[in-house]
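All values below come from the heavy atoms of this structure, side chains included, with hydrogens, waters and symmetry mates left out. The structure displayed is predicted, hence computed values, not measured ones.
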Amino acid sequence: MKRIAAFLTTRLASEHLPYWAFVLALLLTIPALSSGLMLDDYPHQLSLWPELVFPGGPRGDWDLFRFQGADRAYFQHQQELGLWPWWTTPNLRLAFFRPLSSLHHALDYRMWPGAPWFMHLESMVLYGLMAFSIAKLYQQILSVTVAAGLCGILFAIDDAHSMVVMWIANRNALWAVLFGVLAVLCFVHYRAGTFAKGVVLGPLCFGLGLLSGETALGAAAYLFAYVVWLEPGPIVPRLRLLLPYVLIGAVWAAAYGLMGYGSAGSGMYVDPMREPLTYLATVVIRMPLLLLAQLGLPPADLWMQVSGEVLPKAALIAWAVLGVGAAIGHRLLKGNRTAAFWATGMVLSLLPVCSVMPGDRLLLFSGVGAFGLLGMLAVRLWEIRTSPSALRRLLCKPGLGAILLVHVVLAGLLLPYRISFLSNTFGQLVPRAAQSLPPSELFPNRTLVMVNAPDPLVATYAVAYRYLADHKMGDSIRLLSAVLRGTLLVTRVNDYTLILEPSEGFIQEPLSRVFRSPALPMQVGEQLKLHNMTATVLAVTSKGVPTRVEFRFIRALEDSSYIWTIWKDRGFVRFELPQVGQSVMLPAIDYQVAIGAKPAP
């Protein structure tokens, strides 16, 4: 045991540790090479097709993250095509200013569109460089010590990073965090007197990070934490050191708003600048859930599947657990300003990502502080294993064991496993859905009606996948529902009309709420009139969730201009229309079966 401890101590307290972090990051993410495209990767690739470029959409190769801007004509165009489902709020806005990341995607799709493995390799290398840079930051703050080495390894193998590495469209977060960490590293070296150019390169890297993605705002958390906890001298001169970064951030925020970027009307995103009160309310709920996922369990991805009513209660419990943990951590690391630096950076770096529905892919910048804190805590627990204090000895073994079990053993095993799982489930969902659709020869001048689908994105991305394969697209898509709970009653009123009644209401699952926030209730009588269909809300719950909706088409439902489908188990099948006056009761879609996580019945 002593030999093993000595070996690990030597390796962790090595100047070469950042290189090992880079290698580990690459090795554990190898399964990403076979992942292919997924979700937003399809509209990104389609955005580069000239025949599919419309006014109001992306403005060029640098603007691929403008899914829906302020242009209402573009919104109407998307709804007519069926790319925005019928329940989409009229003021929907999903536009993100990420020009550097967009240009990287455009380069990929223009130069090697048929080689997603190479795009994944690029993301893996970026992740490796990020792990290397963060390990360097740990060594700069903690010196070349066992604690610094352990922190670097913990970050590199964290399984929460699985989706951000294997999802090509999420590469913006890798660029943003890489540049953000370099900004902090330059600042720290500059203040230590070891890198004079850091006074210029630090703000430059921060600006490049913001041009890559909003996640780079997390760098500001660590810069602030550094001048508060680790920079000597009076507080006012220390804060003045941040003025270049504040100026860059202010210019970026002003440009972001003036150019029409941001979000509105979505249940997935909350825009802090447009909805400050709503944002603050979401911080109170999302912050503890993200912190708990970052420091231990359960994964933040869990909360995407939980109803909105449960989240406040879960947040309350999470705050209590975190309070107990903070009290124990404070007792063990009391007076340690470096630990306070990591903790402050971790918490504040979560503020930008609290604007997004909780998910593990958001836990990049917060991981820098979290693993800095956990690494120091693990070393401290090891040091007090022979303490005369019975309480400290009591905390030592279970505390150290929990850190090593969750963040070394399980994380190291789960990182490649979760990448493979995501690849084999979500990565295969759209291709499988596309292959189950009717032949593309039937699409031109016809409307593809999907009575039920696992989520709105599967419906539209499956059609996008087919278009990329054979360049054929129908007149429009009409997704009627995405029902994953309860039952779905379909009633044929007359030759032209269906009424759908989900027992648990419409807009059930998280991706449906991308298009409409739960804070925007629908009303009885609310209508959406399209060129070939009118959707009318007939009944709603007390919270404004539609429970009964009429869909009236301009032609008889059996008309050859319609292709009727419905999801069954793992793909679309033909939907048999009921006769006039008749109803059919359909089961909800089992999402785990749909994505291939469990076998079909």
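- For Tyr496 and Asp559, the side-chain atoms include no donor-acceptor pair closer than 3.5 Å.
- Side-chain contact between Leu448 and Phe572 is absent, with no heavy atoms from C-beta onward closer than 4.5 Å.
- When ring centroids are compared, Phe553 and Trp564 come within the 6.0 Å threshold.
- Taking 4.5 Å as the limit, every side-chain heavy atom of Val493 sits out of range of all side-chain heavy atoms of Glu550.
- Two residues are said to be in side-chain contact when any heavy atoms from C-beta on lie closer than 4.5 Å; Thr491 and Pro578 fail this criterion.
- In this structure, the side chains of Pro546 and Trp87 stay at 4.5 Å or more apart for every pair of heavy atoms.
- Using a 4.5 Å heavy-atom cutoff, the side chains of Leu437 and Phe443 are in contact.
- Looking at Trp567 and Phe575, their side chains never come closer than 4.5 Å, going by heavy atoms from C-beta outward.
- A 4.5 Å side-chain heavy-atom check between Met304 and Met268 finds at least one atom pair inside the cut-off.
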I would like to know whether Thr447 and Arg478 meet side chain to side chain donor-acceptor pair (under 3.5 Å); could you show each step before the answer?
CA-CA 7 Å; Thr447 297; Arg478 294 291 174 255; 5.9 Å; no

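- Of all the heavy atoms in Val524 and Leu538, the pair that sits closest is CG1-O, 3.6 Å.
- Outside the 6.0 Å centre-distance limit, the rings of Trp167 and Phe426 are not counted as a close aromatic pair.
- With contacts defined as side-chain heavy-atom distances shorter than 4.5 Å, the pair Ser212/Asn172 does not qualify.
- Judged purely by atom type and a 3.5 angstrom limit, Gln508 uses its side chain to pair as donor or acceptor with the backbone of Leu484.
- For the 3.5 Å distance criterion, the side chains of Asp455 and Tyr591 qualify, holding a donor opposite an acceptor.
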